[in-house]
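For the numbers below, each heavy atom of this structure counts, side chains included, while hydrogens, waters and symmetry mates do not.
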Amino acid sequence: MTARDPQTGRDPGGRYASFSAFYPYYIHEHSNRTCRRIHVVGTGLVIAAFLAFCVTLNAWWLLAMPVVGYGFAWVGHFFFEKNRPATFQYPLWSLMGDFRLFFETVSGRRKF
């Protein structure tokens, strides 16, 4: 096991060592309210597309999921947050962060 910085949660190579260490960074990268809102809407549409696939078994809905999800997220980052999406460095943790942000928002634990 490699040592990590207790303040940042990063390993010696500068990468986050866990999702729990990454999530505060993820939230910081979504500090713009409009960006967060766009993410929540995009993630909601991804869930809706998945449910549409489950009902129709039409594979086009599966193809729509990343287009809708990334499309909304990247608009939020490039036009409102004015930063580079964490997806490029941390694809799985960013996806996990999107869903956590979505569920925190719809449950009322995070401001919309």
Requested in this report: Output the distance between atom CG (D98) and atom OG1 (T87), rounded to the nearest 0.5 Å.
Outcome: 6.5 Å
**Report entry** Beyond-backbone contact of T34 with F79, side-chain heavy atoms, under 4.5 angstrom
**Finding:** no
Query raised in the report: Relative to each other, are the rings of F22 and F19 parallel, tilted or perpendicular (30° and 60° limits)?
Result: tilted
Query raised in the report: Nearest heavy-atom pair of F78 and N83: which atoms, and what distance?
Result: CD2-O, 3.9 Å
Query raised in the report: What residue pairs, at least two apart or across chains, pass side-chain hydrogen bond (donor to acceptor under 3.5 Å, both in side chains) with a residue in residues 39-48?
Result: H30-H39, H39-H77
Query raised in the report: Of all heavy-atom pairs between A86 and S94, which one has the smallest distance, and what is that distance?
Result: C-OG, 3.2 Å
Query raised in the report: Under the ring-ring contact (aromatic ring centres under 6.0 Å, His included) test, which residues partner F112, sequence neighbours left out?
Result: none
Query raised in the report: Is there a path from F102 to V46 through hydrophobic residues (I, L, V, M, F, W, Y) whose side chains come within less than 4.5 Å of each other?
Result: yes
Query raised in the report: Of all residues at least two apart in sequence or in a different chain, which pass the side-chain hydrogen bond (donor to acceptor under 3.5 Å, both in side chains) check with R100?
Result: E104
Query - Under 3.5 Å: donor-acceptor pair, side chain of Y26, backbone of W93 - result: no
Query raised in the report: Should L95 and I47 be counted in the same cluster of Ile, Leu, Val, Met, Phe, Trp and Tyr side chains packed under 4.5 Å apart?
Result: yes
Would you tabulate the side-chain donor-acceptor contacts of residues 50-68 under 3.5 Å, counting partners in other chains and residues two or more places apart, or write 'none'?
{"residue": "T56", "atom": "OG1", "partner": "A52", "partner atom": "O", "Å": "2.8"}
{"residue": "T56", "atom": "OG1", "partner": "N58", "partner atom": "N", "Å": "3.1"}
{"residue": "N58", "atom": "OD1", "partner": "W60", "partner atom": "N", "Å": "2.9"}

**Report entry** I27 and L101, any side-chain heavy atoms less than 4.5 Å apart
**Finding:** yes
Query raised in the report: With S31, which residues qualify under side-chain hydrogen bond (donor to acceptor under 3.5 Å, both in side chains), at least two apart?
Result: E81
Report summary line: Residue pairs passing the salt bridge (charged side-chain N to carboxylate O under 4.0 Å, His left out) test with at least one member in residues 17-46, sequence neighbours excluded, are none
**Report entry** Side-chain touch Y23/M96, heavy atoms, less than 4.5 angstrom
**Finding:** no
Query raised in the report: Would V75 end up clustered with V41 when hydrophobic side chains under 4.5 Å apart are linked, directly or stepwise?
Result: yes
Query raised in the report: Would F88 and W74 count as a close aromatic pair, with their ring centres under 6.0 Å?
Result: yes
